[in-house]
There are 2 protein chains.
Amino acid sequence: MKKDVFQAIADPTRRAILTLMMTQAMTPNALAQHFDTSRQAVSKHIKVLAEVGLIKQELSGREIYYHFNPKKMKQIADWLEPFRQLWESRLNQLETVLKNIKPKKS
Amino acid sequence: MKKDVFQAIADPTRRAILTLMMTQAMTPNALAQHFDTSRQAVSKHIKVLAEVGLIKQELSGREIYYHFNPKKMKQIADWLEPFRQLWESRLNQLETVLKNIKPKKS
DNA sequence: TATATTTGCAACCAGCGAGTTGCATATTAA
DNA sequence: TTAATATGCAACTCGCTGGTTGCAAATATA
């Protein structure tokens with residue numbers, strides 16, 4: 001049942017939640033209003049995101065504000081890094097090809 | 001049943017497959033030898049990766065070489081980009097804090 | 001105090017996902 | 001031609017996932 005960041009962002013609803021919370025902290029109720037599913041369903045997604053550390057909670061009376069934790073999201077970028085070099089080099093190769101083709105046109 | 005790139009990289013085995021194929025094209029059989037599961041299980045993962053476009057196949061007789069497609073992986077980086085700005089700014093803030101503390105120590 | 005609001009937890013359910021085994025097909029090797 | 005190899009497809013199982021509803025607890029409001 002142990003989840004990780006990659007499984008957390010696999011769900012479209014959870015990605016939408018993260019996007020919403022990127023700009024401001026939100027309560028489960030406020031979040032749920034943005035989706036067609038029930039509050040409890042959204043609450044479950046929140047629980048998953050909190051468990052993997054992508055969001056943190058902040059208590060305020062009976063309300064709970066969840067806010068985004070960018071540090072955890074960086075884990076994905078870190079995993080992505082070696083691949084990034086690949087697609088960047090490929091794009092560079094494409095640029096080179098285009099540059100060599102252009103002169104022929106004129 | 002429609003999968004996307006995020007669901008594709010959610011599985012640890014599939015991430016391992018991508019890492020293996022990052023450097024060189026591989027056949028399902030060669031890939032399967034790196035894992036404890038059956039060839040068919042690996043083949044299913046390959047199918048998922050191919051369906052979302054993260055890998056491409058290249059026929060060679062009865063063998064099928066699958067090679068990595070960096071362009072598709074970039075989709076994840078693109079989604080990540082707005083979040084990146086967040087964690088980078090936070091890290092910059094931390095740097096600033098540390099810079100201001102240091103002088104006090106001496 | 002009594003009521004409404006916010007939230008979490010538990011139980012349940014349908015469907016998907018990852019695994020297995022078995023079989024069919026196509027290509028290479030003997 | 002016959003046997004071995006490489007691969008995909010189908011059927012099946014089992015556990016997880018995302019959804020629901022119902023309920024309890026805690027806090028705010030009347």
Side-chain angles (χ1 to χ4, degrees), chain A residues 1-21 24-69 72 76 79, chain B residues 1-21 24-69 72 76 79:
Chain A
M1 203 236 173
K2 259 294 180 54
K3 294 217 188 64
D4 62 7
V5 192
F6 294 95
Q7 286 174 21
I9 65 158
D11 186 273
T13 304
R14 283 198 287 270
R15 285 200 302 280
I17 291 177
L18 288 174
T19 302
L20 282 171
M21 298 204 336
Q24 57 181 336
M26 296 181 76
T27 66
N29 248 347
L31 262 174
Q33 287 171 354
H34 288 79
F35 301 95
D36 287 338
T37 66
S38 68
R39 178 189 60 82
Q40 284 84 348
V42 173
S43 226
K44 275 194 177 185
H45 286 304
I46 291 178
K47 198 180 176 186
V48 172
L49 291 172
E51 274 174 0
V52 304
L54 275 170
I55 61 177
K56 301 284 182 182
Q57 67 174 211
E58 194 175 343
L59 302 174
S60 168
R62 71 180 161 186
E63 288 179 324
I64 303 180
Y65 284 90
Y66 290 89
H67 60 93
F68 179 59
N69 176 27
K72 198 71 186 182
I76 300 168
W79 177 79
Chain B
M1 203 238 174
K2 259 293 179 55
K3 295 215 188 66
D4 63 6
V5 192
F6 295 95
Q7 285 174 22
I9 65 158
D11 185 274
T13 304
R14 284 199 286 270
R15 287 201 301 280
I17 290 178
L18 288 174
T19 302
L20 282 171
M21 298 204 337
Q24 56 181 337
M26 294 180 79
T27 66
N29 250 343
L31 262 174
Q33 288 172 353
H34 287 79
F35 301 95
D36 286 340
T37 65
S38 69
R39 177 189 61 83
Q40 284 85 348
V42 173
S43 226
K44 275 195 177 181
H45 286 304
I46 292 177
K47 198 181 175 186
V48 173
L49 292 172
E51 274 175 1
V52 303
L54 275 170
I55 61 177
K56 301 284 183 181
Q57 67 174 212
E58 193 177 344
L59 302 174
S60 167
R62 71 180 159 185
E63 288 180 325
I64 303 179
Y65 284 89
Y66 290 90
H67 59 92
F68 180 58
N69 177 26
K72 198 72 185 182
I76 300 169
W79 178 78

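For A:K3 and C:dG17, the NZ to C1' distance is 14 Å, given to the nearest whole Å. In this structure, A:F6 places its CZ atom 20 Å from C1' of D:dC16, rounding to the nearest Å. B:E63 has its CD atom 15 Å from the C1' atom of D:dG8, to the nearest Å. Taking atom CZ of A:R14 as the reference point, atom P of D:dT17 lies 8 Å away to the nearest angstrom. Rounded to an integer number of Å, the gap from B:D11 CG to D:dC16 C1' is 13 Å. Look at CG on B:N29: it is 5 Å from P on D:dA6, rounded to the nearest Å. Across the protein-nucleic acid pair, B:I64 atom CD1 and D:dT5 atom P stand 18 Å apart, rounded to whole Å.
Taking the nucleotide of DNA chain D with the nearest heavy atom to each of A:T13 and A:S60, the more 5' of the two is matched to A:T13. For A:K44 and A:Y66, each mapped to the nucleotide of DNA chain C holding its nearest heavy atom, the one lying further toward the 5' end belongs to A:Y66. Between B:K47 and A:V48, the residue anchored closer to the 5' end of DNA chain D is B:K47, taking for each the nucleotide with the nearest heavy atom.
For the segment residues 33-43 of chain A, the set of residues with a heavy atom within less than 4.0 Å of an atom of DNA chain D comprises A:T37, A:S38, A:Q40, A:A41, in numerical order.
Using a 4.0 Å cut-off between charged nitrogen and carboxylate oxygen, A:R15 and B:D4 count as a salt-bridge pair.
For the side-chain contact (heavy atoms from CB on, under 4.5 Å) with B:K72, the qualifying choice from B:L49, B:I55, B:V5 is B:V5, the only one to do so.
Remark: the B:R62 side chain and the D:dT5 base include a donor-acceptor N/O pair separated by less than 3.5 Å.
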